[in-house]
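What you see below is based on every heavy atom in this structure, not just the backbone, and it leaves out hydrogens, waters and symmetry mates. Residue numbers begin at 1 in each chain, while the letters A, B, ... track the order of the sequences.
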Amino acid sequence: MTWQSLPDWWWPFVFILAAGWFATDIWRFLGVFIGGRIREDSEVLVFVRCVATALVAAVIAQLILFPTGELASSPIWLRVGAAAGGFAVYLVAGKRVLVGVLAAEVLLVTGLLAL
Amino acid sequence: MRDDRSLNSSSDSGTYDLATRLRWFLRGASRIFSVPAILLMSSFVGFAGLAIESGMKIEQTVFMTIVIWALPAKVVLIGAVTSGATLPAAALAVALSSVRLMPMVVALLPELQGPRTRRITLLFLSHFVAVTAWVMAMEELHKIPRDLRTSYFAGIGVVLVGVNALVVAIVYMLSASFPPIVFAALFMLTPMYFLTSLWRSAREKAGQIAMIAGLVLFPVFHALVPGSDLLLTGLVGGVCAFMFHRIQRNRLEAK
């Protein structure tokens, strides 16, 4: 039962609904039902946030280390260097997201053009 | 006494007419012209580039944008699909990446709901909870009259989702004329947006430890168990960060 299992046009939409919509909205709806019964600083929620954050960080690493498409043919040191440089600029610039993202993009594009 | 008064005030203020509600809906909608919304749109440009490069069709990506909405969940789903994961494995990875939505909704509810807000309204509005809309709501809702907050938040959410679905479609339609380097640059937007915004929104120090652990552990698990690398990194990295949190807290309590 993968994305490619069925050739029908509707299969990817069923896949998106089951693995995407249900897997996200279930948490939002649970949040509404649990409501005020759970304290926001409780230990369970700290743990939950830790796992979710580590998972998204894993996705960040996946995208930078093993990208698909056009970026896949660029050298790994350029991608890691651009990301690290952008993040350093972000920290120095007082944690401004826009500045960090732009810095990384400038480094990446400059590197791609120079190579 | 106190209960009576709150009941009265709610029935008084609950009579806002449609025109008033619509005005506050539009005020929420106008938040599309704000720095966080524009940043989000640019990361949706990047997301569309990522989806194109991963072989998704335009209707699939627009559908994903509307029904999932949260950007990390969509990126995890595309990552799972391109790595050939089964449906249950993909659903588990997406669910793990989205658990954070639950505490966000829990934190938002006391800000959002009035005394007479129906649960079905809250369920509908909760769909718009993702980092950007949530941050906006937490910052602004307390300045909005309580019984109009749902209208205001609906304005923020509906327009954010609608405009970004449109952004995705436009990128698909324009992409045929993009030179290759534009795709490379677009692809990079998503990880950089996550890297920076996640670092800033990490509430406890443990959140930042979890981020570093995830970044460092991923290549290790990718080499050892390529099929389950995302899930294992999330679980092991999360446990490491939580242990750090407990040790730190115990040390504080011991002092």
Student: Looking only at heavy atoms and a cut-off of under 4.5 Å, which of Arg200(B), Arg246(B), His127(B) has the most pairs with chain A?
Tutor: His127(B)
Student: Phe63(B) and ring pair (Phe, Tyr, Trp, His ring centres under 6.0 Å): which single residue from Phe13(A), Trp9(A), Phe15(A) fits?
Tutor: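 The ring pair (Phe, Tyr, Trp, His ring centres under 6.0 Å) with Phe63(B) is passed solely by Phe13(A) among Phe13(A), Trp9(A), Phe15(A).
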Student: Can you name the closest pair of heavy atoms from Ile68(B) and Arg28(A) and give their distance?
Tutor: O-NH2, 3.0 Å
Student: Less than 4.5 Å to any heavy atom of chain A: does that hold for the side chain of Val239(B), its backbone, both, or neither?
Tutor: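 For Val239(B), backbone and side chain are both near chain A.
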Student: If you tally heavy-atom pairs under 4.5 Å against chain A, which of Phe221(B), Phe187(B), Trp69(B) wins?
Tutor: Phe187(B)
Student: Taking side chain as C-beta onward, heavy atoms only, is Val99(B) less than 4.5 Å from Val51(A)?
Tutor: no
Student: Between Glu59(B) and chain A, with a heavy-atom cut-off of 4.5 Å, which part of the residue counts as in contact: side chain, backbone, both or neither?
Tutor: both
Student: With distance as the sole test, does Trp3(A) use its side chain to make a donor-acceptor pair with the main-chain N or O of Gly84(B) at under 3.5 Å?
Tutor: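 No; judged by distance alone, with no hydrogens or angles, the pair does not exist.
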Student: Which atoms of Phe66(A) are under 4.5 Å from chain B, going by heavy atoms: the side chain, the backbone, both sets, or neither?
Tutor: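 Contact with chain B: side chain only.
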Student: Where do Gly237(B) and Ala54(A) come nearest, in terms of heavy atoms and distance?
Tutor: C-CB, 3.8 Å
Student: Could you walk me through whether Met104(B) and Trp27(A) pass the side chain to side chain contact (heavy atoms under 4.5 Å, CB included) test, one step at a time?
Tutor: CA-CA 10 Å; Met104(B) 287 165 74; Trp27(A) 298 116; over 6 Å; no
Student: Using a cut-off of under 4.5 Å on heavy-atom pairs, state which of Ile209(B), Leu101(B), Ile52(B) scores highest against chain A.
Tutor: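 Counting heavy-atom pairs under 4.5 Å, the top option is Leu101(B).
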Student: Quick one: are Phe242(B) and Glu43(A) in side-chain contact, heavy atoms under 4.5 Å?
Tutor: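 Touching, per the 4.5 Å side-chain cut-off.
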Student: Scan for side-chain hydrogen bond (donor to acceptor under 3.5 Å, both in side chains) pairs involving residues 13-24 of chain A, sequence neighbours excluded, and state none if there are none.
Tutor: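 For residues 13-24 of chain A: Trp21(A)-Asp25(A).
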Student: Asp8(A): which residues meet the side chain to side chain contact (heavy atoms under 4.5 Å, CB included) condition with it, sequence neighbours left out?
Tutor: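 Per chain and number, Asp8(A) pairs via side chain to side chain contact (heavy atoms under 4.5 Å, CB included) with Leu6(A), Trp10(A).
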Student: Answer with side chain, backbone, both or neither: which region of Leu91(A) has an atom nearer than 4.5 Å to a non-hydrogen atom of chain B?
Tutor: side chain
Student: At their closest point, which heavy atom of Ile60(A) faces which heavy atom of Pro191(B), and how far apart are they?
Tutor: CG2-O, 3.9 Å
Student: Looking only at heavy atoms, which two atoms of Gln208(B) and Lys95(A) are closest? And how far apart?
Tutor: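 Gln208(B) and Lys95(A) have their closest heavy atoms at NE2-NZ, 4.5 Å.
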Student: Nearest heavy-atom pair of Pro180(B) and Glu70(A): which atoms, and what distance?
Tutor: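 Looking at all heavy atoms of both residues, the shortest contact is O-CG, 3.1 Å.
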Student: Have a look at Thr196(B) and tell me which of Leu98(A), Val101(A), Val99(A) forms a side chain to side chain contact (heavy atoms under 4.5 Å, CB included) with it.
Tutor: Val101(A)
Student: Could you tell me whether the side chain of Leu63(A) reaches within less than 4.5 Å of the side chain of Leu50(B), counting heavy atoms only?
Tutor: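 Yes; the side chains approach each other to less than 4.5 Å.
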Student: Scan the side chains in residues 38-47 of chain B for donor-acceptor partners under 3.5 Å anywhere in the protein, sequence neighbours excluded, and list what turns up.
Tutor:
unit_1	atom_1	unit_2	atom_2	d
Ser42(B)	OG	Leu39(B)	O	2.7
Ser43(B)	OG	Leu40(B)	O	2.7

Student: Among Gly49(B), Gly234(B), Ala73(B), Ala89(B), single out the residue with the greatest number of heavy-atom pairs under 4.5 Å to chain A.
Tutor: Gly234(B)
Student: Do Trp199(B) and Phe87(A) make the cut of ring centroids closer than 6.0 angstrom?
Tutor: yes
Student: Does Phe244(B) CZ have over 12 foreign heavy atoms under 6.0 Å away?
Tutor: yes
Student: Within residues 211-219 of chain B, which positions have a heavy-atom distance to chain A below 4.5 Å?
Tutor: Met211(B), Gly214(B), Leu215(B), Phe218(B), Pro219(B)
Student: Please look at Leu195(B) and chain A and tell me whether the side chain, the backbone, both or neither of the residue comes under 4.5 angstrom of a heavy atom of that chain.
Tutor: both
Student: For Ala80(B), is it the side chain, the backbone, both, or neither that has a heavy atom closer than 4.5 Å to a heavy atom of chain A?
Tutor: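 For Ala80(B), neither part sits under 4.5 Å from chain A.
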Student: Between chain B and each of Ala23(A), Ser5(A), Ser74(A), count heavy-atom pairs under 4.5 Å; write down the option with the most.
Tutor: Ala23(A)
Student: Of all of Val94(B), Leu96(B), Leu123(B), which one pairs up most often with chain A through heavy atoms under 4.5 Å apart?
Tutor: Leu123(B)
Student: Could you give the distance from OG (Ser197(B)) to OH (Tyr90(A)), rounded to the nearest 0.5 Å?
Tutor: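 Answer rounded to 0.5 Å: 7.5 Å.
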Student: Using a cut-off of 6.0 Å, state whether more than 12 heavy atoms not belonging to Ile120(B) lie near its atom CD1.
Tutor: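 No, not enclosed.
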Student: Under a 4.5 Å heavy-atom cut-off, does chain A meet the side chain of His222(B), its backbone, both or neither?
Tutor: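 The side chain, not the backbone.
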Student: Out of Leu122(B), Ile181(B), Leu231(B), which one racks up the most heavy-atom pairs below 4.5 Å with chain A?
Tutor: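 Top count of heavy-atom pairs under 4.5 Å with chain A: Ile181(B).
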Student: Would you check, one step at a time, whether the test side chain to side chain contact (heavy atoms under 4.5 Å, CB included) holds for Phe29(A) with Val105(B)?
Tutor: CA-CA 8 Å; Phe29(A) 294 167; Val105(B) 170; over 6 Å; no
Student: Is the side chain of Glu105(A) donor-acceptor paired with the backbone N or O of Leu189(B) at a distance under 3.5 Å, no angle test?
Tutor: yes
Student: Working to the nearest 0.5 angstrom, can you tell me the gap between Met102(B) CE and Ile34(A) CD1?
Tutor: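 Those atoms lie 4.5 Å apart.
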Student: So, for Leu230(B) and Leu55(A), which heavy atoms are closest and what is the spacing to 0.1 Å?
Tutor: O-CD1, 3.1 Å
